[in-house]
Amino acid sequence: MERALEVERRLAHRYSEASLALQFSSPLQLLVAVILSAQCTDARVNAVTPSLFARFPRVTDLARAPLDELEELVHSTGFYRNKAKTIRACCADLVARFAGDVPRSLHDLVSLPGVGRKTANMVLGNAYGIPGLAVDTHVKRVAGRLGLTEGDEAGDIERQLCDLLPENRWTAFSNGMILFGREVCTSRSPGCSTCPLVDVCVSA
DNA sequence: CTCCCGATAT
DNA sequence: ATATCAGGAG
């Protein structure tokens, strides 16, 4: 399947190597930002994280943060009760089991409350430079339309895509697919008229 | 499979 | 009005 490599090459040309719309300045901040990004735009997350991290700068602060205060700070991202609870529980777990550090393995990351494969791979790739291919709603949709993957299950799609690409391209690929899915191949409209991938797409 | 849930584009 | 948004837990 040469098409996957061609798609990756064009996405890499279109976007810078580690292009990510979420703002963060540490692995912990990225972890929290990705938890907040569930069913929410990155712009909305970026609007709340500065005040969140100003109020609770350290992992120990987040681990002991009053729930109602946390809920208020993340309210506009939706699912705010779950997210507040999850962030606090996750940070408490980081303190209890990992000396307050964000782990560098998929196994450990996924063991944290509120952290699934998508969040774990995002942190591995973008905070640590460890190969990780995050499959979110955009990657799932765009890869399916391009004809790179079959099926609808995220874990399945992750495996298929990882098989098609070298490890050192996994993170850039998923970052690029996500931005591309936001800008061009959106859920509402594939945008084929201005798509730079029409010639390698089975759905165009 | 359902629930969590506000903000935005269409 | 409604579909969708960098998901994960029970």
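Treat the numbers as computed from the prediction; the structure is a model and nothing was measured. Values reported hereafter were calculated over all heavy atoms of this structure, with side chains retained and with hydrogens, waters and symmetry mates removed. Labels below follow one simple rule: chain letters A, B, ... track the order of the sequence lines, proteins then strands, and each chain is numbered from 1.
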How would you label the contact of [X] with the nucleic acid (heavy atoms, under 4.0 Å): base, sugar-phosphate, or nothing?
X: A/Thr77; result: nothing
X: A/Val139; result: nothing
X: A/Arg188; result: base

Exercise. How do A/Arg117 and A/Thr41 order along DNA chain C: which one's closest nucleotide is nearer the 5' end?
Worked result: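 By nearest-heavy-atom nucleotide position, the 5'-most residue is A/Thr41.
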Problem set entry | First of A/Arg44 and A/Tyr80 reached from the 5' end of DNA chain B, by closest nucleotide |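 By nearest-heavy-atom nucleotide position, the 5'-most residue is A/Tyr80.
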Problem set entry | Single hit among A/Leu133, A/Thr171, A/Leu106 for side-chain contact (heavy atoms from CB on, under 4.5 Å) with A/Leu124 |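 Among A/Leu133, A/Thr171, A/Leu106, the one that satisfies the side-chain contact (heavy atoms from CB on, under 4.5 Å) with A/Leu124 is A/Leu106.
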Side-chain donor-acceptor pairs under 3.5 Å in residues 194-204 of chain A, sequence neighbours left out?
| residue | atom | partner | partner atom | Å |
| --- | --- | --- | --- | --- |
| A/Asp199 | OD1 | A/Arg10 | NH1 | 2.8 |
| A/Asp199 | OD2 | A/Arg10 | NH1 | 3.4 |
| A/Asp199 | OD2 | A/Arg10 | NH2 | 2.8 |
| A/Ser203 | OG | A/Arg145 | O | 2.5 |

For this session: May I have the step-by-step check of side chain to side chain contact (heavy atoms under 4.5 Å, CB included) for A/Phe24 and A/Thr49, ending in yes or no?
Result: CA-CA 8 Å; A/Phe24 64 100; A/Thr49 44; over 6 Å; no
For this session: Indicate whether OP1 or OP2 belonging to C/dG8 is found under 4.0 Å from a side-chain N or O atom of A/Thr119.
Result: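 It does, given that an N or O in the side chain of A/Thr119 lies less than 4.0 Å from OP1 or OP2 of C/dG8.
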For this session: Output the residues of residues 87-97 of chain A in contact with DNA chain C, where contact means a heavy atom of the residue under 4.0 Å from an atom of the strand; sort by number or write none.
Result: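 Heavy-atom cutoff 4.0 Å gives no residues at all.
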For this session: Decide yes or no on side chain to side chain contact (heavy atoms under 4.5 Å, CB included) for A/Glu183 and A/Tyr15, but give the supporting numbers first.
Result: CA-CA 12 Å; A/Glu183 296 173 1; A/Tyr15 304 107; 3.0 Å; yes
For this session: Can you figure out which of B/dG6, C/dG7, B/dT10 approaches the side chain of A/His75 most closely?
Result: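 Taking heavy atoms from C-beta onward, the closest nucleotide is B/dG6.
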